[in-house]
Participant: 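Right, I'll just put the structure down here and ask away after.
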Amino acid sequence: MNVKPRVALIAHDNTKPDLIEWAGRHRAELKKFDIVSTGTTVALLSRSYPEFCLTAVRSGPLGGDQQVGAMIANGQLDMMIFFEDVMTTQPHDVDIKALWRLAVLYELPIASNRITADLLMANLDIAFTYKERYPHPEQKHVKYLRRSVEPSLE
Ligand SMILES: O=C(CO)COP(=O)(O)O
């Protein structure tokens, strides 16, 4: 885990009110986190909760989801709360899918709505042990990494 646990807080436009409401209820706890957030979400968070320790990445459609994905692959993220708008087509749908894929692959504690985010916050002792509990993908997928890729000379 990072020195301060690092959580990504992300929301699409229609779900930003949910995230702001949720973050308000967990305000005291979230002050103990390093919060990474995408461009527009981070602006709203800093306006609503100036006491939060916030790091901005780019807006989602401009690469922010991929920046958060890179943090997951680099072991720099401990948890992700991402309220996706499942009623609206997003221009960067592939980036969103890629981010979720890495979060699942790396067994990151993730929540996609308020109730599961509440459950994560109520169980941080469990949420933060995922790196000790489960093998890193490079160990889990060792067969894949050792597959033969020698070109055939035929
Ligand atoms: O699009 C997003 C996540 O996929 C969020 O980006 P913004 O926070 O910039 O709206």
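Remember, it's 1-based here, ligands and their atoms both numbered in the order they're listed. Because the structure is predicted, anything quoted here is derived from the model rather than measured.
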Participant: Nearest protein heavy-atom contact for atom 5 (C) of ligand 1: which residue, which atom, what distance?
Facilitator: T38 OG1, 3.3 Å
Participant: Could you give me the CA-CA distance, side-chain angles and deciding distance for D18 and T15, then say whether side-chain hydrogen bond (donor to acceptor under 3.5 Å, both in side chains) is met?
Facilitator: CA-CA 5 Å; D18 290 1; T15 51; over 6 Å; no
Participant: L105 and L99: same hydrophobic cluster, using ILVMFWY side-chain contacts below 4.5 Å?
Facilitator: yes
Participant: How far is atom 9 (O) of ligand 1 from its nearest protein heavy atom, and which residue and atom is that?
Facilitator: S59 OG, 2.5 Å
Participant: Do W100 and Y134 land in one hydrophobic cluster if side-chain heavy atoms of ILVMFWY residues count as linked below 4.5 Å?
Facilitator: yes
Participant: For K131 and E107: C-alpha separation, side-chain torsions, deciding distance, then whether salt bridge (charged side-chain N to carboxylate O under 4.0 Å, His left out) applies.
Facilitator: CA-CA 8 Å; K131 281 180 192 158; E107 310 248 19; over 6 Å; no
Participant: Short list, please: which atoms of ligand 1 are under 4.0 Å from a heavy atom of T40?
Facilitator: 7 (P), 8 (O), 9 (O), 10 (O)
Participant: Are R133 and Y130 in a cation-pi contact, defined as NZ or CZ under 6.0 Å from the six-membered ring centre and within 45° of the axis?
Facilitator: no
Participant: Which of the numbered atoms in ligand 1 are under 4.0 angstrom from any heavy atom belonging to H12?
Facilitator: 1 (O), 2 (C), 3 (C), 4 (O)
Participant: Heavy-atom contacts under 4.0 Å between A11 and ligand 1: side chain, backbone, both, or neither?
Facilitator: backbone
Participant: Checking K97 against D93 for the salt bridge (charged side-chain N to carboxylate O under 4.0 Å, His left out) test, could you report, in this order, the C-alpha distance in whole Å, the side-chain angles of both residues, the deciding distance, and whether it holds?
Facilitator: CA-CA 6 Å; K97 283 204 182 96; D93 187 52; 2.8 Å; yes
Participant: Parallel, tilted or perpendicular: which describes the rings of F83 and W22, with under 30° parallel and over 60° perpendicular?
Facilitator: perpendicular
Participant: Starting from atom 10 (O) of ligand 1, what is the nearest protein heavy atom, named by residue and atom, and what distance separates them?
Facilitator: K16 NZ, 2.7 Å
Participant: Who's the nearest protein heavy-atom neighbour of atom 8 (O) of ligand 1, and how far?
Facilitator: T41 OG1, 2.5 Å
Participant: Which of the numbered atoms in ligand 1 are below 4.0 angstrom from a heavy atom of I10?
Facilitator: 3 (C), 5 (C)
Participant: G60 to ligand 1: N or O pair under 3.5 Å?
Facilitator: yes
Participant: Is P61 close enough to touch ligand 1? Criterion: a residue heavy atom under 4.0 Å from a ligand atom.
Facilitator: yes
Participant: Return the closest protein heavy atom for atom 1 (O) of ligand 1 as residue, atom name and distance.
Facilitator: H92 NE2, 2.9 Å
Participant: Under 6.0 Å between ring centres: does that hold for H12 and H92?
Facilitator: yes
